[in-house]
**Student:** 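Attaching a single structure in structure tokens format; questions to follow.
For ligands, and for the atoms within them, numbers begin at 1 and follow the listed sequence. Because the structure is predicted, anything quoted here is derived from the model rather than measured.
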Amino acid sequence: MRQRPENEAALTFLSRSSNEGFARTAAACFAAQLDPTLDEINDIKTAVSEAVTNCIVHAYPDALGKILLRLRIYGRDTVEILVKDSGVGIPDVDKAMEPLFTTGNEERSGMGFTIMESFMDRVKVRSAPGKGTAVTMTKRLARRIGGGA
Ligand SMILES: Nc1ncnc2c1ncn2[C@@H]1O[C@H](COP(=O)(O)OP(=O)(O)OP(=O)(O)O)[C@@H](O)[C@H]1O
Ligand SMILES: [Mg+2]
């Protein structure tokens, strides 16, 4: 997206699983200024939860690392969410994004990226092995009739 964001916020936090709820709620609070529906808020929370969980579980498997959550608003209705880590990276992004593909244990179903793609309009993944992964997700929210002046 080339135009300048109308608003932006960023948070950095450690890859502790207790921060997954923090990140999800922070994203929802930031998106609230666009007057989203409850469904839209839940979609954003779910997508952020999947992306942040991937950083916690896969990017930093044996150590704590830093995760960046950057939230942007474009125009009157579009939210862009970047979740970035400096962890192990993904050797083959196309393969990793296929439904049911997982390198995780039996607790993982390989559906995280598929869930992000189904709840957001666009999901872009950039990754370099040994350097980290950046997941950028955008969602255009429905115009609310009578909402806001
Ligand atoms: N931030 C990341 N860093 C390194 N590898 C990642 C990252 N995110 C995803 N991956 C890789 O992509 C695979 C697919 O991720 P996806 O979220 O779709 O499934 P999963 O995490 O394995 O399972 P689920 O999300 O259903 O619990 C992961 O198994 C992992 O190999
Ligand atoms: Mg996952």
**Student:** Checking Ser15 side chain against Gly65 main chain: does a donor-acceptor pair fall under 3.5 Å?
**Tutor:** yes

**Student:** Considering non-hydrogen atoms of the protein only, which is the closest contact for atom 12 (O) of ligand 1, and what is the distance?
**Tutor:** Ala96 CB, 3.4 Å

**Student:** Is it the side chain (CB and beyond), the backbone, both or neither of Asp85 that lies under 4.0 Å from ligand 1, heavy atoms counted?
**Tutor:** side chain

**Student:** With a 4.5 Å heavy-atom cut-off, do Met120 and Ile81 have their side chains touching?
**Tutor:**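 In contact.
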
**Student:** Where's the contact between Met97 and ligand 1, heavy-atom distance under 4.0 Å: side chain, backbone, both or neither?
**Tutor:**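 Within the 4.0 Å criterion, Met97 makes no contact with ligand 1.
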
**Student:** Can a donor-acceptor pair be found, under 3.5 Å and without considering hydrogens, that links the side chain of Thr25 to the backbone of Phe22?
**Tutor:** no

**Student:** As an exercise, identify every atom of ligand 1 less than 4.0 angstrom from a heavy atom of Gly112.
**Tutor:**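 Checking each atom against Gly112, I get 16 (P), 17 (O), 18 (O), 19 (O), 24 (P), 25 (O), 26 (O).
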
**Student:** Using the rule given for side-chain contact (heavy atoms from CB on, under 4.5 Å), can you reason through Asn19 versus Val52, listing the C-alpha separation, both sets of side-chain angles and the distance that settles it, and then say yes or no?
**Tutor:** CA-CA 9 Å; Asn19 285 333; Val52 170; 5.9 Å; no

**Student:** Is there any N or O on Ile90 that sits under 3.5 Å from an N or O of ligand 1?
**Tutor:** no

**Student:** Counting heavy atoms only, which of Met111, Arg108, Glu107 is nearest atom 26 (O) of ligand 1?
**Tutor:** Met111

**Student:** Can you name the atoms of ligand 1, numbered from 1 with element, that are less than 4.0 Å from a heavy atom of Thr102?
**Tutor:** 20 (P), 22 (O), 29 (O)

**Student:** Considering heavy atoms of the protein only, find what lies nearest to atom 19 (O) of ligand 1 and give residue, atom and distance to 0.1 Å.
**Tutor:**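 For atom 19 (O) of ligand 1, the nearest protein heavy atom is Gly110 CA, 3.2 Å.
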
**Student:** Answer yes or no: is there an ion pair linking Glu80 with Arg70, defined by an N-O contact shorter than 4.0 Å?
**Tutor:**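 The answer is yes: the pair qualifies as a salt bridge.
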
**Student:** Mark the output for Gly89 as yes if a heavy-atom distance to ligand 1 is under 4.0 Å, and as no if none is.
**Tutor:** yes

**Student:** So, the side chain of Gln33 versus the backbone of Phe30: is there a donor-acceptor pair under 3.5 Å, distance only?
**Tutor:**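 Yes: the side chain of Gln33 pairs with the backbone of Phe30.
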
**Student:** Of the protein's non-hydrogen atoms, which lies at the shortest distance from atom 21 (O) of ligand 1, and what is that distance?
**Tutor:** His58 NE2, 2.7 Å

**Student:** One residue to check: Thr103. Relative to ligand 1, which of side chain, backbone, both or neither has a non-hydrogen atom less than 4.0 Å away?
**Tutor:**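 For Thr103, the contact with ligand 1 is made by both the backbone and the side chain.
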
**Student:** Could you please tell me which protein N, O or S atoms lie under 2.8 Å from the Mg ion (ligand 2)?
**Tutor:** Asn54 OD1

**Student:** One residue to check: Thr133. Relative to ligand 1, which of side chain, backbone, both or neither has a non-hydrogen atom less than 4.0 Å away?
**Tutor:**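 The side chain, only.
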
**Student:** Within the 4.0 Å heavy-atom shell around Glu50, which atoms of ligand 1 are there?
**Tutor:**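 Numbered from 1, ligand 1 contributes 25 (O).
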
**Student:** Quick check: does any side chain N or O of Lys139 sit under 3.5 Å from a backbone N or O of Phe119, one acting as donor and the other as acceptor?
**Tutor:** yes

